[in-house]
Amino acid sequence: MNNAFRYTPAVDIMVMVVGLLLVFLMAITYNSKSKSFRIFHSCTGLIILASILNIVYFAWIGSSIKPPTAVIHITHIAYYSILTITMALYNYYLAELVSIPGATMKRQAWAIWGSWDIGVILISYSVVRGPMPVLLSDGWYQLSEHNPFYILYAIGILGTMGLLLYCKDKMIKQVFWGIFASYILSFALMSIQEYHLQRSFTTASLMLPILVMMYLLHSTPYDRLTGAVNEENFEHMVRENYKNKNGIILMFLNLRDRRGVVQLTDEMSTDFYRMFPGMVKNDVLFRLNSGRYVEVFPKKQNPNYEEIIDNLIKAFDILVEKFHRDFKIVITEDVDFISATNSYAEFVSEVEERIPFNAYYKVTKKDIELFQKRQYILAELRDIEQNMDLDDERVEVFCQPVLNVRTGAYDTAEALMRLSLPLTGMVFPDQFIPLAEQEGLLPPLSRIILNKTCKAVKKILEDGYEITRVSVNYSIPEVRDEGFCRDVLSIIEENGLAYDKIAIELTESQNELDFEVVKERIDELKDMGIKFYLDDFGTGYSNMERIMELPFDIIKFDRSMVMESRRNDISREMVNSFAEMFDKLKYRVLYEGVEDEVDEEMCKDMKAKYLQGYKYSKPLPISELHKFLKKS
Ligand code: C2E
Ligand code: CA
Ligand code: CA
């Protein structure tokens, strides 16, 4: 039998099903459709089409009802044309993948169209010239042509492998070997089928590279240029290492360009990727969601890790020199409690805040302790929020009495928050207020402070002491909240206290958008008798116009203003003129941080209505405030 081949549609059906599944999966899982992804997508679509055409073609040959001969020919020609263009697209895809420059890309495109045209002409000629294909016996087909596709295929696939070898250095080794192996397998499959006079596996062998690319480039965690692995895998690695107690070194790098975006250019990535192998054994490079990279290697396989770190730093120095990027590098060994909670990302960003740019930093025991304490405080804050007990014992109210200059008596005070936690004891505001604010955990704390302050004031009054009001600190985001006024009013009310016994301290907002809302809130609460203090005047960039538009009652001059005034006459004159202006406009001026007699005299000369500071009292538990108050 001359030119007779076996064919069964089973393999093509399989290819079609797998192809459809891939297309479906891609449609539902990929959000960012890069150019290379779209090429890849097209290849899959073409393979599905090819498998259908091949099934139809052989079905027609074997069937008694045939369409016109031309239709059969066209189906066959279309099948091989599609396979040819798919192969050409593989090359295009590879070129795109390794970012071959524009001019080469253009040549590549021409080569693709050229090879496709030639392929179609040759195949068409061969098909049309030959006799009609016929079904000989079950599974054996007498085909018309001496098909030139298989020669084109051999040339094409060898060309692609050549291109791959040419780009070898630009690719990470897993990707290179994966794709290379898929071509070898494809070639082997095609040769075996040729040897066995088969035609069932042609489409399938062209499907192989697609499967491999799908796995390596579009579904595995590899960053195509740096070979970095994603955060999910980083966390998995951390968990495994923690379980097996294998010591590791982690080297975090945070790179930024002028705009502060953490991203590597293609060129830099390639250099970057090449930096690690050769110096370190069994290392893995990860890319975290924040854009940081982390190079991880085991201590056991790298006993001279101290030396390795130094060498990596040196190599890195050369790299940043070349690319002019700002960076922060944090190096640490694995730490049990951080591994257990998989919180290296948080740990490193906290450490980074303390170190300057363009520095290498080896983590110390103190950094770890600080982080541990912070994590502990955070966990307690979350628990406080969860419990939402207005009498939570972990939140304590301290306060500082304020001197009324006119009467010479203490008749107001400021409530100041402290945390009292089982493991750390007393925690001061600088250690938890910014943290709570950042994590949105301030509102529950404020509610507790307000509630406890109300209770304390109530008791003070019941015990027969005189007190005009106590002020409580709030942050602007809290005030912005819809439920703010309702919350404040209901807590005061539930304690059976008059509204005017409570005041609220706010700092100036730098955000213009807050203005209208804050004004509305203040107006609403002022109507109920609650007074407002502008806190920390003189620390930010004060927008006088805005301050005047908000109906504050008392302006608190920050301690830094008091210190400035003591420095020289000019500073004092400046502070004094602010105080005089506020005084004329019927605001009352309070000086904070009055520490001695000199401060006191000076402030009194500068329109002071109220004085607060260590000279009178350090913050004390609110239960002791009565010691400063007059009996009524
Ligand atoms: P602030 O509102 O400016 O509070 C005044 C701070 O100055 C208090 O620190 C107080 O102890 C301190 N201080 C008072 N007199 C003197 C003095 O003569 N010399 C010096 N050097 N310092 C003095 P504290 O209690 O550590 O509070 C720090 C900050 O934490 C407060 O600054 C406030 O911004 C915040 N904070 C405290 N309690 C609360 C609260 O319940 N809610 C909110 N949102 N913030 C709070
Ligand atoms: Ca305050
Ligand atoms: Ca203040």
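Whatever order the structure lists them in is the order used to number ligands and atoms, beginning at 1.
One side chain, E493 or Y499, offers a donor N or O that lies under 3.5 Å from an acceptor on the other.
With hydrogens and angles disregarded, no donor-acceptor distance shorter than 3.5 Å links the side chain of N254 to the backbone of R292.
Geometrically, K556 does not engage Y591 in a cation-pi contact defined by less than 6.0 Å to the ring centre and at most 45° from the axis.
Minimum-distance N/O/S atom of E414 relative to the Ca ion (ligand 2): OE2. Its N, O or S atom nearest to the Ca ion (ligand 2) is what matters here, and for D535 that atom is OD2. Of all N, O or S atoms in E592, the one lying closest to the Ca ion (ligand 3) is OE1.
Within the coordination shell of the Ca ion (ligand 3), defined by N, O or S atoms under 3.0 Å, E505 is absent. Within the 3.0 Å limit, T507 places no N, O or S atom next to the Ca ion (ligand 2). Among the backbone and side-chain atoms of D536, an N/O/S atom is found under 3.0 Å from the Ca ion (ligand 3).
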One pair per line, please: each N/O atom of ligand 1 matched with every protein N/O atom under 3.5 Å away, atom names first, then the distance to 0.1 Å.
from: ligand 1; atom 1: 2 (O); to: E414; atom 2: OE2; distance (Å): 3.2
from: ligand 1; atom 1: 2 (O); to: N473; atom 2: OD1; distance (Å): 3.3
from: ligand 1; atom 1: 2 (O); to: D535; atom 2: OD2; distance (Å): 3.0
from: ligand 1; atom 1: 3 (O); to: D536; atom 2: OD1; distance (Å): 3.2
from: ligand 1; atom 1: 15 (N); to: Q400; atom 2: NE2; distance (Å): 2.9
from: ligand 1; atom 1: 18 (O); to: Y614; atom 2: N; distance (Å): 2.8
from: ligand 1; atom 1: 19 (N); to: E595; atom 2: OE2; distance (Å): 2.6
from: ligand 1; atom 1: 21 (N); to: R559; atom 2: NE; distance (Å): 3.4
from: ligand 1; atom 1: 21 (N); to: E595; atom 2: OE2; distance (Å): 3.3
from: ligand 1; atom 1: 22 (N); to: Y614; atom 2: OH; distance (Å): 3.3
from: ligand 1; atom 1: 25 (O); to: R418; atom 2: NH1; distance (Å): 2.9
from: ligand 1; atom 1: 25 (O); to: R418; atom 2: NH2; distance (Å): 3.0
from: ligand 1; atom 1: 38 (N); to: M417; atom 2: N; distance (Å): 2.9
from: ligand 1; atom 1: 42 (N); to: N473; atom 2: O; distance (Å): 3.3

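Between the CD atom of Q400 and the CG atom of L416 there is a distance of 6.0 Å, given to the nearest 0.5 Å. To the nearest 0.5 Å, the span separating CG on L629 from OG1 on T412 amounts to 9.5 Å.
Taking every heavy atom of both residues into account, E393 and K452 meet most closely at CA-NZ, 3.9 Å.
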CA sep, side-chain torsions, deciding dist, call: K519, E516, salt bridge (charged side-chain N to carboxylate O under 4.0 Å, His left out): CA-CA 5 Å; K519 187 165 165 16; E516 283 303 325; over 6 Å; no
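F428 places a side-chain heavy atom less than 4.5 Å from the side chain of R418.
No salt bridge links R382 with E385; every basic N to acidic carboxylate O contact stays at or beyond 4.0 Å.
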